[in-house]
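Here is the structure we will look at, set down as structure tokens.
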There are 2 protein chains.
Amino acid sequence: MGKLSREAIVEAAVRRIDAEGLDGLSMRRVGKDLGVEAMSLYRYVPNKTALLDAIHASVLEEVQIPAPTHDWKSDARRLATSLLDTLLKHPGAMELFPTRPAYTEGSLDRLEASLAILERAGMPEPLRLAAMQSLYLFVVGHALFETHASKVGDDLDYRSLPAGRYPNLRKASVPAARQSFRHGLDVWVRGVEASAPQEEPQSLTSRLRSLRRR
Amino acid sequence: MGKLSREAIVEAAVRRIDAEGLDGLSMRRVGKDLGVEAMSLYRYVPNKTALLDAIHASVLEEVQIPAPTHDWKSDARRLATSLLDTLLKHPGAMELFPTRPAYTEGSLDRLEASLAILERAGMPEPLRLAAMQSLYLFVVGHALFETHASKVGDDLDYRSLPAGRYPNLRKASVPAARQSFRHGLDVWVRGVEASAPQEEPQSLTSRLRSLRRR
DNA sequence: ACCAAAGACTTACACTGTAACCATGGACTT
DNA sequence: AAGTCCATGGTTACAGTGTAAGTCTTTGGT
């Protein structure tokens with residue numbers, strides 16, 4: 001029965017959320033998990049919203065930042081996949097991601113690493129933040145979609161739709177979730193590539209120079 | 001005092017959500033708005049989750065499908081903007097979008113229209129659904145971000161960060177929300193463009209042919 | 001030994017979703 | 001006209017929620 005602390009509370013809350021989803025999280029339950037009354041938590045957390053914010057930050061900090069290589073495309077892909085992986089590890093907590101902007105230290109670190117990737121990609125400055133945000137939103141959205149689609153039994157079969165009304169949908173192929181994720185990434189990577197001014201890849205020396213600059 | 005009905009309930013619920021956000025929506029309040037006890041709603045709606053689903057569907061059906069033109073890029077942009085517009089009109093309801101997969105008729109119609117756009121773009125089949133989903137997720141995510149970022153007073157100023165740790169963030173330019181949306185769209189459009197096999201645009205006659213095919 | 005403060009507990013309030021049951025009025029059958 | 005049914009809405013009740021306010025209890029410093 002270790003001492004109560006903000007971290008211990010957040011930790012317990014994440015466990016509860018992992019086990020029973022966001023709805024299973026109540027102050028009373030978290031308290032019980034820690035062998036303590038609900039109101040005792042309020043000594044360390046001003047209210048439930050703040051606790052949710054802390055959970056969000058905590059999960060975000062689990063995301064591994066892959067070490068930069070010479071290949072910005074693979075760096076971007078690995079960062080995105082890393083984010084996807086931790087999100088899928090916390091199906092309940094990831095519902096917090098779309099609505100909470102993150103200004104914690106951990107999230108700034110990750111944003112910084114993302115922008116560095118885009119710099120190496122040769123993307124001009126006024127676009128970088130927007131491009132990164134679109135990637136982030138895609139990953140989070142996909143993670144949500146992947147976990148919620150599997151709840152509906154299995155996907156609706158588009159082939160059983162009336163052909164007259166839905167010609168394109170009927171012949172659409174529904175890729176497996178992971179593949180659909182990869183395809184989405186492909187579109188993004190190609191989009192970034194096409195937004196970089198120079199068509200040819202950066203020279204090796206300039207690549208190394210930007211890597212050395214931390 | 002019109003008769004109670006499922007539609008009237010959904011309508012009232014949407015109004016409440018628009019006025020006071022998702023948290024302001026309770027069965028009792030919706031009942032009161034309709035001059036009725038909370039339990040009476042359960043004659044038309046099995047439970048609150050179903051009501052939320054209905055709200056989701058209702059808002060989604062407000063999205064205008066722009067008439068297709070000869071220019072798939074502008075079609076895609078207009079569809080995305082149309083979705084963004086209705087989402088921003090319902091700041092509370094849009095929180096429902098990330099977690100609810102939509103299999104209603106109205107949502108299938110919109111998906112069908114989207115796929116038709118990608119067909120005109122010359123995108124090969126196995127990628128279309130994934131590409132469209134990535135666009136959809138981007139728009140929804142952006143709408144959420146736009147409404148929630150404005151809640152935090154004004155954005156954090158990246159220029160006040162320690163320069164040693166966040167070199168890229170410090171020199172990042174934070175575009176206005178709308179511009180950031182347009183930039184994200186640009187990346188997507190270029191990505192789709194680069195994913196289509198033929199580099200040159202479709203011939204005029206083949207464009208018209210695919211348009212005629214409904 | 002005393003005091004102060006910190007940490008946890010107790011009680012209480014207004015509110016939530018919804019299960020189970022009850023009342024009523026109008027339509028339909030006979 | 002009488003009787004039946006049932007759709008529609010009301011009532012009560014229960015378990016659970018976040019959290020404000022106040023109270024005990026333990027602990028560390030002097």
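Numbered from 1 within each chain, the chains take letters A, B, ... in sequence-line order.
- Residue whose closest nucleotide on DNA chain D sits further toward the 5' end, between A:D23 and A:M39: A:D23.
- Across the protein-nucleic acid pair, B:K32 atom NZ and D:dG9 atom P stand 18 Å apart, rounded to whole Å.
- When rounded to the nearest whole Å, the span between CG of B:L41 and P of C:dA19 equals 14 Å.
- A donor-acceptor contact closer than 3.5 angstrom is absent between the side chains of A:W188 and B:S134.
- Out of C:dA8, C:dT18, D:dG18, the shortest distance to the side chain of A:Y42 is found at D:dG18.
- At a cut-off of 3.5 angstrom, counting only N and O atoms as typed in the model, there is no donor on one side facing an acceptor on the other between the side-chain of B:R29 and the base of C:dT16.
- Note: CZ (B:R43) to P (C:dC21) measures 14 Å, nearest angstrom.
- Using a distance-only test at 3.5 Å, with no hydrogens or angles considered, a donor-acceptor pair links the side chain of A:S82 to the main chain of A:Q64.
- Checked against C:dA8, D:dG9, C:dG17, the side chain of B:M27 finds its nearest nucleotide in C:dG17.
- Summarising the local packing, CD of A:E125 is surrounded by more than 12 heavy atoms from other residues, nucleotides or ligands at distances under 6.0 Å.
- Between the NZ atom of A:K3 and the C1' atom of D:dT27 there is a distance of 9 Å, given to the nearest Å.
- Remark: B:Y44 is in phosphate contact with D:dG9, judged by side-chain N or O atoms under 4.0 Å from OP1 or OP2.
- The phosphate of D:dT8 has neither OP1 nor OP2 within less than 4.0 Å of any side-chain N or O from B:S40.
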Would you check, one step at a time, whether the test side chain to side chain contact (heavy atoms under 4.5 Å, CB included) holds for B:M27 with B:Y42? CA-CA 9 Å; B:M27 301 304 271; B:Y42 283 84; 3.7 Å; yes
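- Rounding to whole angstrom units, CD1 of residue A:I9 and C1' of C:dG7 are separated by 11 Å.
- One donor-acceptor pair, N or O on each side, does fall under 3.5 Å between the base of D:dG18 and the side chain of A:R28.
- A donor-acceptor pair under 3.5 Å is formed between the side chain of A:R110 and the backbone N or O of A:G106.
- For the pair B:L52 CG and C:dT16 P, the computed distance is 14 Å after rounding to whole Å.
- For B:L4 and D:dG10, the CG to C1' distance is 12 Å, given to the nearest whole Å.
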